[in-house]
Amino acid sequence: MEETVKKKVMLSGIQPSGDLTLGSYLGAIKNWKERAEEFDCYYFMADLHSITVRQVPADLRRRTMEQLAQYIACGLDPEKNTLFVQSHVPAHTQLGWVLDCFTMFGELSRMTQFKDKSQKNAENINAGLFTYPALMAADILLYQPDYVPVGGDQKQHVELCRDVAERFNGVYGDVFKIPEPYIPKVGARIMSLTTPTSKMSKSDHDQNGCVYLMEKPEDIARKFKKAVTDSDTERCVRYAPEEKPGVANLMSIYSACTGKTFDEIEREFDGLGYGAFKPAVGEAVIETLRPIREEAQRLMKDKAYLESVYRDGAQKAERIANRTLRKVYKKVGFVARF
Ligand code: ATP
Ligand code: LTN
């Protein structure tokens with residue numbers, strides 16, 4: 001008899017709060033696609049999370065659809081991966097509330113993303129922004145994943161999710177699988193091209209520091225030519241993140257796009273200086289993103305197809321998520337409706 005081996009599960013999400021960047025591609029999505037065959041995968045558009053910061057409704061709707069097209073264009077086959085919109089699966093908010101009651105005020109207060117975002121949105125430090133990691137824990141734990149592929153900035157949230165799951169399991173028995181963060185060795189934290197000491201981020205106001213997945217090749221080339229390096233007179237391509245953060249960032253981008261090691265890159269540009277290096281990084285990024293942009297543009301024209309993908313995705317996600325939610329409701333003592 002043929003033995004059916006149960007695949008391990010991977011899950012992740014991105015907020016459709018802005019256009020996807022090279023940072024989220026190299027830090028997260030690239031790993032999603034590289035592992036798509038090996039794992040049973042769930043990827044969603046985290047629209048519930050997006051409204052922790054005020055959004056223009058029409059833009060949020062458009063970006064949610066664009067993000068789905070970009071997920072598929074990045075290589076996530078909807079036949080093999082479950083792609084869905086977070087707000088289509090009510091179990092996320094339902095488990096989110098339960099986990100709010102198992103997440104401590106002190107834990108949430110220590111989250112660096114909360115501290116950063118409340119500084120940037122001082123006029124709107126709402127409760128959702130604060131309890132966001134409990135909703136993220138619900139997103140994850142509903143699907144009992146083994147791995148959560150994210151960039152380095154989300155490690156703290158995945159660790160909190162593990163603590164909350166262990167706390168819950170400690171009271172009620174083994175309800176949740178404890179997931180591991182899955183973070184790439186190169187590209188876990190891509191920095192801004194203009195301020196290499198801060199993270200490349202889709203909500204950054206400095207457009208020149210950020211490269212978008214859908215950006216035109218000539219704009220990408222221009223941004224890399226202008227990328228900040230350093231005033232080092234030898235203009236030597238050498239990996240020294242403390243001393244030369246701009247160059248180290250460009251080397252990480254080049255390495256993640258081409259698969260070359262830092263040693264190989266140093267040898268390739270030995271004696272050539274930044275004048276040759278920066279446009280080469282731009283070219284590598286352009287060629288990495290070109291097929292994604294072209295395919296996403298094609299998919300965006302096929303709204304009916306995208307709708308069928310998210311409808312099927314929600315149906316499958318809901319089935320799995322409700323299984324965990326029912327178990328949790330029973331464990332905490334809610335009366336079953338039927
Ligand atoms: P925002 O500006 O709205 O906070 P963001 O650009 O920081 O967004 P997210 O939507 O928070 O991006 O992140 C999506 C995924 O990509 C997450 O897994 C995150 O860890 C990863 N990621 C985001 N930015 C980077 C980056 N600069 N380098 C590596 N990974 C990143
Ligand atoms: N917090 C993440 C987005 C996110 C997520 C998740 C990632 C929401 N829910 C569940 C992994 C698993 C972010 O801001 N990038």
Side-chain angles (χ1 to χ4, degrees), residues 9-32 41-55 59-60 63-64 67 70-71 74 84-87 89 92-93 95-96 99 111-121 128-129 131-143 145 147-162 164 179-193 195-207 209-213 249 252-253 256 317 321:
V9 178
M10 246 189 184
L11 166 136
S12 196
I14 298 184
Q15 308 180 53
S17 52
D19 296 328
L20 290 182
T21 72
L22 178 68
S24 25
Y25 178 71
L26 297 179
I29 306 173
K30 189 163 171 280
N31 260 338
W32 304 2
C41 300
Y42 296 83
Y43 296 117
F44 60 95
M45 280 62 74
D47 55 350
L48 296 172
H49 284 271
S50 297
I51 63 163
T52 52
V53 174
R54 209 64 79 223
Q55 301 290 328
D59 289 349
L60 180 58
R63 278 199 239 100
T64 304
Q67 201 166 300
Q70 289 167 29
Y71 281 5
C74 283
F84 64 101
V85 181
Q86 185 189 25
S87 65
V89 183
H92 287 248
T93 29
L95 182 63
L99 297 186
M111 295 296 111
T112 37
Q113 185 171 329
F114 171 69
K115 289 189 226 168
D116 285 355
K117 292 215 168 173
S118 44
Q119 226 171 33
K120 283 187 194 148
N121 301 284
L129 192 65
T131 61
Y132 165 119
L135 178 60
M136 177 162 162
D139 298 337
I140 297 171
L141 298 174
L142 280 172
Y143 300 87
Y147 298 107
V148 182
V150 284
D153 60 307
Q154 293 300 314
K155 187 165 179 246
Q156 198 185 27
H157 287 162
V158 181
E159 279 165 357
L160 176 61
C161 166
R162 289 165 58 90
V164 171
E180 298 275 344
Y182 190 97
I183 296 170
K185 287 202 178 68
V186 180
R189 194 172 166 82
I190 301 295
M191 310 307 273
S192 156
L193 299 186
T195 324
T197 44
S198 53
K199 190 184 84 125
M200 182 184 284
S201 160
K202 57 176 136 67
S203 54
D204 194 346
H205 295 302
D206 181 5
Q207 300 271 312
C210 192
V211 174
Y212 300 97
L213 239 51
N249 187 39
S252 298
I253 294 173

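Remember, it's 1-based here, ligands and their atoms both numbered in the order they're listed.
For ligand 1, the polar-atom distance check against M200 finds a nitrogen or oxygen pair separated by under 3.5 Å. For the pair T21 and ligand 1, the shortest N or O to N or O distance does not fall below 3.5 Å. The shortest N or O to N or O distance between K202 and ligand 1 is under 3.5 Å. Between P149 and ligand 1, a contact under 3.5 Å exists for no N or O pair. For a threshold of 3.5 Å applied to N or O pairs, the pair formed by K199 and ligand 1 contains at least one separation below that value.
Between V186 and S252, the shortest heavy-atom distance links the atoms CG1-O, 3.5 Å. When all heavy atoms of L141 and P179 are compared, the pair lying nearest together is CD2-CD, 4.1 Å. A pairwise comparison of heavy atoms in T195 and S192 identifies N-OG, 3.0 Å as the closest pair. Closest heavy-atom contact between I183 and N31: C-ND2, 4.3 Å. Contact between S201 and C210 at its shortest, heavy atoms only, is O-SG, 3.6 Å.
The protein atom (non-hydrogen) at minimum distance from atom 21 (C) of ligand 1 is G151 N, 3.8 Å. Ranking protein heavy atoms by distance to atom 20 (O) of ligand 1, first place goes to D153 OD1, 2.5 Å. Scanning the protein heavy atoms around atom 1 (P) of ligand 1, the nearest turns out to be S203 OG, 3.5 Å. The protein non-hydrogen atom at the shortest distance from atom 31 (C) of ligand 1 is G23 O, 3.3 Å.
Under the 3.5 Å distance criterion, with hydrogens and angles disregarded, no donor-acceptor pair is assigned to the side chains of Q67 and Q15. Q113 and D153 are not linked by any side-chain donor-acceptor pair at a separation below 3.5 angstrom, with hydrogens and angles left out of the test.
Atom numbering of ligand 1 starts at 1 in the shown order; those under 4.0 Å from a heavy atom of S17 are 3 (O). Listed by atom number, the atoms of ligand 1 under 4.0 Å from A188 heavy atoms are 28 (N), 29 (C), 30 (N). Per-residue contacts place I190 under 4.0 angstrom from the following atoms of ligand 1 (heavy atoms of the residue considered): 26 (C), 27 (N), 28 (N), 29 (C).
With a heavy-atom cut-off of 4.0 Å, S201 touches ligand 1 through backbone and side chain alike. When heavy-atom distances to ligand 1 are checked against a 4.0 Å cut-off, S24 comes that close through both its backbone and its side chain.
Heavy-atom distances between K117 and ligand 1 reach below 4.0 Å in at least one pair. Heavy-atom distances between I14 and ligand 1 reach below 4.0 Å in at least one pair. Heavy-atom distances between G187 and ligand 1 reach below 4.0 Å in at least one pair.
With rounding to the nearest 0.5 Å, the separation of CG in L160 from CE in M111 is 4.5 Å.
Closer than 4.0 angstrom to ligand 2 sit non-hydrogen atoms from L11, S12, G13, Q15, F44, A46, H49, Q113, Y132, M136, D139, I140, V148, V150, Q154.
Screening Y43, Y143, Y42 for a ring pair (Phe, Tyr, Trp, His ring centres under 6.0 Å) with F84, the sole residue that qualifies is Y143.
By the 6.0 Å contact criterion, NZ on K202 is enclosed, its count of non-hydrogen atoms from other residues, nucleotides or ligands being greater than 12. Atom CD1 of I51 has 12 or fewer neighbouring heavy atoms from other residues, nucleotides or ligands inside a 6.0 Å radius.
With hydrogens and angles disregarded, no donor-acceptor distance shorter than 3.5 Å links the side chain of R189 to the backbone of G152. Distance alone, capped at 3.5 Å, places no donor-acceptor pair between the T93 side chain and the G96 backbone. When atom types are taken as modelled, the side chain of Q156 and the backbone of T112 share a donor-acceptor pair closer than 3.5 angstrom.
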